[in-house]
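Before any comments, here is the structure.
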Number of protein chains: 2
Amino acid sequence: MTKPPHAGSEGASAPLRSIPEASVARLAVYLRKLGEFAEEGADTVSSDELAAATGVNPAKLRKDLSYIGSYGIRGVGYEVAALVHQLERTLGLNHRQSVALVGIGNLGHALAGYGGFGGRGFPVTALFDVDPDLVGIHINGILVEHVRAIPQVCVDRGVTIGMIATPGQAAQGVCDLLVDAGVRCILNFAPTVLQVPGEVEVRKVDLAVELQVLAFHVARKHVAAAEQTVAVNGHPVNGAGGLLS
Amino acid sequence: MTKPPHAGSEGASAPLRSIPEASVARLAVYLRKLGEFAEEGADTVSSDELAAATGVNPAKLRKDLSYIGSYGIRGVGYEVAALVHQLERTLGLNHRQSVALVGIGNLGHALAGYGGFGGRGFPVTALFDVDPDLVGIHINGILVEHVRAIPQVCVDRGVTIGMIATPGQAAQGVCDLLVDAGVRCILNFAPTVLQVPGEVEVRKVDLAVELQVLAFHVARKHVAAAEQTVAVNGHPVNGAGGLLS
DNA sequence: AGTCGCTTGTGAAGGCGCGCACAAAGTTGC
DNA sequence: GCAACTTTGTGCGCGCCTTCACAAGCGACT
């Protein structure tokens with residue numbers, strides 16, 4: 001519909017107009033895979049190769065990449081180094097994003113120590129909790145501070161991304177503190193729907209939901225298998241469990 | 001792609017015909033919120049209430065619930081207890097799903113100790129790793145065993161769901177072992193696309209991608225903010241102002 | 001130079017999910 | 001018993017995302 005009128009210009013830093021949300025997530029996947037290709041010494045990659053490696057339809061991949069500009073060479077493929085650079089620029093990875101993590105429980109502790117973040121340009125620079133036993137200790141060299149210090153610390157350290165790994169009841173309060181401190185992007189691991197102003201972006205990762213979706217599929221497959229068995233044995237499905245109905 | 005065409009043979013308690021994936025995920029959210037409502041002593045809930053509490057459009061919520069049958073009372077709402085029961089049945093939570101977790105690193109350790117699983121009917125019954133320092137220790141009372149024991153242990157304990165929290169390079173091998181052991185549903189935390197047979201269901205949770213998507217939004221907001229600032233200062237973006245005035 | 005083969009970029013069609021709006025159905029008050 | 005109100009269940013249009021198919025562009029080979 002809305003067509004960028006002069007997309008071809010060297011374009012300064014204007015990333016682009018409205019990349020579909022789904023595409024952005026895949027761009028990150030491409031970027032990681034491209035890093036692996038680069039380590040293997042590949043100079044160029046075709047859309048078919050990269051698509052196969054990331055489990056995506058080749059046409060979809062090309063369309064995704066077309067959102068950030070035309071950096072492919074017809075008949076050859078994409079130059080790995082250049083594409084990596086463009087992807088990093090589009091995803092905002094050329095500036096380091098300072099991350100604050102609130103809630104140093106089981107999950108939070110793991111996130112604080114997770115190497116996948118810092119190594120990829122997301123240094124966790126602040127940790128918060130309310131537990132007096134946790135406040136004051138260091139994890140990976142980062143001091144755990146009290147939640148009430150969020151406003152001050154986040155501003156001081158230029159935090160741009162907040163991760164919430166608290167119990168559900170505490171999540172909204174923590175979220176409000178982060179938003180007040182100027183954080184505009186939040187990754188929420190708590191099983192709660194956060195209320196935020198319109199300009200704040202929230203992504204939710206809900207491990208319990210993921211498992212329950214899988215459980216649903218287990219049940220489906222189980223039913224399918226049972227129907228197969230029943231077809232052989234000639235018995236109706238119901239009444240076996242006794243737990244329900 | 002394989003669709004059971006004859007699923008609708010008898011409508012009694014036949015779970016359903018093909019609930020959209022997106023709806024299944026929301027059903028799990030509804031279920032959790034309904035649990036909270038039940039604890040507060042609510043007998044019935046209207047779609048508007050539940051929708052507001054879960055941050056969903058009321059019509060969408062009703063449509064989601066209609067996939068599992070008509071358990072609402074017009075003019076009144078949904079009976080909480082009955083709806084919880086139906087949701088649990090649909091999501092396969094009436095049987096316990098035995099979960100195996102492979103990869104006891106930072107994240108795996110947290111997942112092993114995460115209370116949100118066992119309490120919700122997903123007991124983690126097996127832990128695996130390859131690190132000799134980890135094999136043999138107990139976490140939350142569960143013994144960590146060597147990855148090579150996966151085939152035996154998973155069959156013995158009736159594991160239905162596997163969680164992979166290994167480094168990316170090890171993920172595919174572990175996945176193959178799980179699939180061979182009869183596991184049909186896998187939750188993958190490793191940054192890798194898993195190749196699996198068609199009947200195996202894989203869900204991927206990619207923390208690095210989540211952060212990068214947020215970084216993208218940070219960048220976008222940053223650009224927007226910069227444009228605002230420019231507008232306030234009265235400087236045109238492209239530097240052509242002098243010509244016009 | 002010209003042709004051939006390969007790969008990108010994209011127009012267009014199809015599918016899916018979202019949300020509006022309304023009919024159906026049940027409850028409450030009189 | 002009837003009317004008015006409340007809330008569910010769903011048909012339908014709309015927009016986004018996916019996918020196909022093909023023209024355009026680039027390099028290699030002769």
Side-chain angles (χ1 to χ4, degrees), chain A residues 1-9 11 16-30 34 37 42-80 82-83 86-87 90 193 213, chain B residues 1 3 11 16-30 34 37 42-80 82-83 86-87 90 193 213 216:
Chain A
M1 313 229 209
T2 42
K3 262 177 94 163
H6 55 68
S9 76
L16 260 214
R17 283 303 168 213
S18 71
I19 302 177
E21 190 77 13
S23 292
V24 174
R26 285 190 297 269
L27 291 180
V29 177
Y30 305 151
L34 282 171
F37 277 118
D43 283 341
T44 63
V45 171
S46 73
S47 63
D48 279 25
E49 288 174 277
L50 188 54
T54 52
V56 168
N57 180 299
K60 199 196 311 193
L61 183 145
R62 288 198 296 273
K63 187 154 283 187
D64 286 342
L65 292 182
S66 78
Y67 288 125
I68 68 172
S70 293
Y71 296 104
I73 308 165
R74 299 181 186 218
V76 176
Y78 296 89
E79 194 189 339
V80 174
L83 190 52
Q86 287 305 326
L87 283 172
T90 303
V193 178
V213 171
Chain B
M1 284 305 182
K3 235 187 221 177
L16 38 127
R17 37 201 168 266
S18 75
I19 303 177
E21 189 76 11
S23 293
V24 174
R26 285 190 296 269
L27 290 180
V29 177
Y30 305 152
L34 281 171
F37 277 118
D43 284 341
T44 63
V45 171
S46 73
S47 63
D48 278 25
E49 289 175 277
L50 189 54
T54 52
V56 168
N57 180 295
K60 198 195 314 193
L61 183 146
R62 290 198 294 275
K63 190 160 286 187
D64 286 342
L65 292 182
S66 77
Y67 289 125
I68 68 172
S70 293
Y71 296 103
I73 307 165
R74 297 179 189 224
V76 177
Y78 297 88
E79 193 190 338
V80 174
L83 190 52
Q86 287 304 327
L87 283 172
T90 302
V193 178
V213 171
F216 168 79

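In what follows, chains are A, B, ... by sequence order, proteins preceding strands, each numbered from 1. The model shown is predicted, which means the values in this text are computed figures rather than measured ones.
Atom-to-atom distance recorded for B:Leu34:CG and B:Tyr78:OH is 10.5 Å, nearest 0.5 angstrom. Separating the OG1 atom in A:Thr90 from the CD atom in A:Gln86 is a distance of 6.0 Å, to the nearest 0.5 Å.
Following rounding to the nearest Å, B:Glu21 (CD) and C:dG15 (C1') show an atom-to-atom distance of 16 Å. The CG atom of B:Asp48 sits 14 Å away from the C1' atom of C:dA21 (whole-angstrom rounding). In this structure, CD1 of A:Ile68 is placed 12 Å from P of C:dT10, rounded to the nearest angstrom. Rounded to a whole Å, the CD1 atom of A:Ile73 is 7 Å from the P atom of D:dG27.
When side chains are defined from C-beta on, A:Tyr30 counts as touching A:Val56, because their heavy atoms get closer than 4.5 Å. Using a 4.5 Å cut-off on side-chain heavy atoms (C-beta onward), A:Tyr71 and A:Leu65 make no contact.
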What string of B, S and - do you get for nucleotides 18-25 of chain D 5' to 3' if you count protein non-hydrogen atoms under 4.0 Å?
-> SBBB--BB

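For the pair A:Ser47 and C:dT7, the criterion of a side-chain N or O lying under 4.0 Å from OP1 or OP2 is not met. Remark: A:Tyr78 is in phosphate contact with C:dG9, judged by side-chain N or O atoms under 4.0 Å from OP1 or OP2.
Exactly one of B:Thr44, B:Asp43, B:Val45 qualifies for a side chain to side chain contact (heavy atoms under 4.5 Å, CB included) with B:Phe37. That residue is B:Val45.
A salt bridge (charged side-chain N to carboxylate O under 4.0 Å, His left out) check over residues 62-71 of chain B, counting only residues at least two apart or in different chains, returns the pairs B:Arg26-B:Asp64.
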